[in-house]
J.: 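Mind having a look at this structure? Questions to follow.
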Amino acid sequence: MTQATPAPGHTLASDLNTPQRMAALYLDGPCLVLAGAGSGKTRVITQKIAYLLRECGYMGRHVVALTFTNKAAREMSERVKTLVDSRLTKGLTISTFHSLGVRFLREEARHARLKPEFSILDSTDAMGIIQELLATTDKARLRSVQQTISLWKNALMDPDAAEKAAATPNEAEAARIYRSYDATLAAYQSVDFDDLIRLPTVLMQGNEAVRERWQARVQYLLVDEYQDTNECQYRLVQLLTGRRAMFTAVGDDDQAIYAWRGATVENLAKLTTDYPQLKLIKLEQNYRSVQRILSAANQVIGHNPNLFDKKLWSDLGVGEPIQVTAMDTDVIEAESVALRISAERFERRAEWRDFAILYRSNQQARVVEQALRNLRIPYTLSGGQSFFDKAEIRDVLAYLRLIANDDDDPAFIRAVTTPRRGIGQATLQALGEFASQKQLSLFAAVFEVAEAERLAARQLEPLQTFAAFIQQIQQRAGRKGSDRVSQGAEPAGPLLDELLGVIQYERHLYDTLDERAAQTRWQNVQELVGWLKRKAEEDDLDLFELVQHVALVTMLERGDEDDPDTVKLSTLHASKGLEYPHVYLVGVEEGLLPHMGRDEEDGDPAKAAESLATRIQEERRLMYVGITRAQRTLHLTWCKKRRRAREDVVCEPSRFIDEMGLSSVKLREDPELQALSPKQRLGMLKDLLNKKG
DNA sequence: CTGGTATAAATTTTT
DNA sequence: TTTATACCAG
């Protein structure tokens, strides 16, 4: 199979240790790599891709690597590019499960009873649909129904199966909603996030031709973070690789932190039974952390039962003691951490980028941000509200979605009402009633409703103006489908500008908001537009084609700026896969780090106790992920009092602190700040500021 | 009937 | 600190 390539063969795997090399070179069948934290799993995957392309004669288009986040995909792709000549990477797919799903569905749309221009609903729109079907404003209930439907989809259960499986009245209702929810999506020619994986899976399962087409295309598959796959994704992997079963799955059961969205660690164990010939390779040498940190991590995770036994070790030296500090309040905690980072940067001659502050929930970031701003410490916030969830971005995207797919009712409603153009509740309701009677999309209904004389002229007129405007853009953007005429397609950039100009979006922002808010929002819009234009130019797309990619864009986060010298703030979930020399883990308290949400709805105490236990285990893995982000030093802090909602809550240190084993931990009390009164603290901060300024 | 303004409420984790 | 709802003016 070996093919002569210009690249020297010896570089391959020369910097891999023995198990890593085994994993990279193993091609006799399915392969599972159990990769502990910091054991170089990405290196294994990228080297293996290089090996496949360079030395095994695999064509780029026959190799697919799947990740869960765009960031991981981008990183992997960059690393492969440094290893392999660009001629060989042509057609190579390194993407998220969801992006692959989009591509699959665009190509196979017809078989899924979708038009190729289908829309992807974001979770807010999806929630909106459920809200209407349920006719309630009870938020907890809405969440629970959406969650339930999502879990059903991820478990490959259709509404029929869900109805049968429903054990409680609540679940039965959810199952009914599930059915009409799916019908609604179909009417909108839309899919939700879960469908991006579910529909390809169902399609391949039931359609032999499609299955064979994709199996011929995917000759080698690599899957990163395998412990985070759900049942549907497991099945998809199985269907893509077929009987050939040529794949490598890389994962770590101790880092499974997405059970709440349907991931099951059991997928790791299931591989060993579904594929008896499975080759199992463990990576146990950690190249990231000093021993103290690793041993604390091992101790914590030791309290969990685990599927596969593995012992992580490192030869990076013992390291400094882990510091655990009790703080009076969350504000003091934040100030204290900020102050300490400031001092340590100086003492250790480190850079801002060497520090990270990690926390359980996004809301904790707020206090920390404030403290960092006070000290003029540069920081970047990762995670948090996604760029594409911002109102202004959703506004613009609604227009684009509508241009691509005018059956997309949620997009229509959003676009037609922002900016305000004299169309309100009553008009939309009348239009909606008419549309559902005639089985039309809202957009199509605008053209029909005139004859029916169901709306007053003054309601009708703005609707018609709007619809004509959208139609005009559709025309100029390039015709879809078969009768497409490329000469008619105007370039996307100017058209996009014109669109924003005509709807006067910038003015709308300044009219509705105060200047500061309007400015930042307009900036975000500009950033989006810039991104789109760049994309249009790079790939030579007209607006229409671009718009078809936009949904996919939703999942591609912004092209990350090259790592600026800033302190990184991140949730524990978003920190997986990253590493920092110095890590501060804040809010390590009972109730927060094991997080205690509201209790389960439907009683059955035995079940509740079990679910509590498994939830604690997942929180423990989260703690494990946090600890193992640290390379050299680790600080944990917890607060005696914390402001939650509107009240001060008394907190206790997390059980996980005890579990780390006191031998590796140094407990601290009363750091400098706490002895001071609030007034004195403020003065001290001001002093510090003056010194800097 | 629309759209702006005031007032109350609300906060796990993410593709 | 932002977001949904209720109310009121045009």
Side-chain angles (χ1 to χ4, degrees), chain A residues 66-73 95-102 120-124 126 128 131 137 139-140 143 146-147 150 153-154 191-198 225 228-230 232-233 256-263 358-367 369-370 382-391 417-430 455-456 458-459 462 508 511-514 516-517 521 551-557 570-576 587 591-598 615 618-619 621-622 625-626 642-647:
Chain A
L66 294 178
T67 64
F68 278 86
T69 66
N70 297 298
K71 203 158 146 203
S95 79
T96 61
F97 272 93
H98 295 267
S99 301
L100 182 74
V102 172
I120 299 171
L121 292 191
D122 56 61
S123 35
T124 317
Q131 187 175 37
T137 49
K139 250 191 155 183
R143 279 184 102 86
Q146 192 183 32
Q147 172 98 331
S150 173
K153 286 193 172 190
N154 290 333
V191 300
D192 62 19
F193 283 134
D194 298 320
D195 287 340
L196 290 178
I197 295 157
R198 185 186 66 124
E225 306 281 13
D228 289 334
T229 53
N230 57 40
C232 185
Q233 286 159 332
I257 53 176
Y258 287 109
W260 53 272
R261 67 180 207 211
L358 307 181
Y359 37 82
R360 173 66 231 262
S361 73
N362 263 313
Q363 51 182 110
Q364 293 172 257
R366 195 153 279 161
V367 221
E369 274 187 276
Q370 190 58 53
S382 72
Q385 196 197 21
S386 136
F387 184 67
F388 290 94
D389 277 343
K390 293 179 193 288
T417 53
T418 18
R420 292 267 149 207
R421 44 170 67 82
I423 297 165
Q425 259 324 276
T427 309
L428 279 179
Q429 196 175 335
L455 284 172
R458 90 160 187 288
Q459 290 176 300
H508 163 250
D511 285 347
T512 356
L513 303 154
D514 63 281
R516 226 173 62 82
R521 292 201 183 195
L552 207 149
V553 168
T554 316
M555 339 193 61
L556 287 162
E557 294 127 33
S570 168
T571 62
L572 287 169
H573 282 89
S575 76
K576 191 161 74 154
L592 236 196
L593 191 43
H595 189 277
M596 299 297 188
R598 50 203 199 281
R615 284 216 314 257
E618 175 144 323
E619 297 290 313
R621 292 191 290 268
L622 208 43
V625 167
R642 173 177 297 277
R643 212 169 165 70
R644 272 234 249 183
R646 252 177 253 83
E647 270 161 324

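Quantities reported herein were computed from a predicted structural model and do not represent experimental measurements. Every chain is numbered from 1, with letters handed out A, B, ... down the list of sequences.
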J.: Within the 4.5 Å heavy-atom criterion, are A:Lys153 and A:Asp195 side-chain neighbours or not?
T.: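 When only atoms from C-beta onward are counted, A:Asp195 and A:Lys153 do touch, with a gap below 4.5 Å.
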J.: Side chain of A:Gln146, backbone of A:Arg143: donor and acceptor closer than 3.5 Å?
T.: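 Judged by distance alone, no pair lies under 3.5 Å.
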J.: Tabulate atom names and distances for all N/O pairs under 3.5 angstrom spanning the protein and nucleotides 7-10 of chain C.
T.:
none

J.: Quick check, does A:His573 stack with B:dT12? I mean ring centres under 5.5 Å and planes off by under 30°.
T.: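 It does not: the two rings, one from A:His573 and one from B:dT12, miss the stacking criterion.
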J.: Look at all strands and tell whether A:Ile423 reaches a base, only sugar-phosphate, or nothing, counting heavy atoms closer than 4.0 Å.
T.: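 Counting heavy atoms under 4.0 Å across all strands, the contact made by A:Ile423 is with sugar-phosphate only.
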J.: Tell me whether the OP1 or OP2 atom of B:dT2 has a side-chain N or O from A:Thr427 closer than 4.0 Å.
T.: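 Affirmative; the distance criterion is met.
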J.: Between B:dT12 atom P and A:Tyr359 atom OH, what is the distance in whole Å?
T.: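 Distance check: A:Tyr359 OH to B:dT12 P gives 15 Å.
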J.: Do the side chain of A:Arg360 and the base of B:dT13 come within less than 3.5 angstrom through a donor-acceptor pair of N or O atoms?
T.: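 Counting by modelled atom types and ignoring angles, a donor-acceptor contact under 3.5 Å is found here.
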J.: Ring-plane angle category for A:Phe68 and A:Phe97, please: parallel below 30°, perpendicular beyond 60°, tilted otherwise.
T.: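 Plane angle between 30° and 60°, so tilted.
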J.: If you look at every heavy atom in A:Ser150 and A:Asp194, which pair is closest and at what distance?
T.: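 Reported closest heavy-atom pair: OG-OD2, 2.9 Å.
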J.: Specify whether A:His573 and A:Tyr258 have parallel, tilted or perpendicular ring planes, treating 30° as the upper limit for parallel and 60° as the lower limit for perpendicular.
T.: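 Ring orientation, 0 to 90° scale: tilted.
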J.: Ring-on-base stacking between A:Trp260 and B:dT12, under 5.5 Å between centres and under 30° between planes: is it there?
T.: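 No.
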J.: Starting from the 5' end of DNA chain B, give me the residue, A:Phe68 or A:Arg366, whose nearest nucleotide shows up first.
T.: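 Taking each residue's closest nucleotide, the earlier one in sequence belongs to A:Arg366.
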J.: For a quick check of understanding: with a heavy-atom distance under 4.0 Å over all strands, which category does A:Arg421 fall into, base, sugar-phosphate or nothing?
T.: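 Answer is sugar-phosphate: A:Arg421 comes under 4.0 Å of backbone atoms only.
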J.: Nearest-nucleotide wise, let me know which of A:Gln147 and A:Leu428 is further upstream toward the 5' end of DNA chain B.
T.: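 The residue mapped nearer the 5' terminus is A:Leu428.
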J.: Would the distance check show the side chain of A:Gln147 and the main-chain N or O of A:Trp260 forming a donor-acceptor pair, the cut-off being under 3.5 Å?
T.: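 It does hold such a pair.
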J.: Just how far, in rounded Å, is P of B:dT14 from CG of A:Asn362?
T.: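 That distance rounds to 6 Å.
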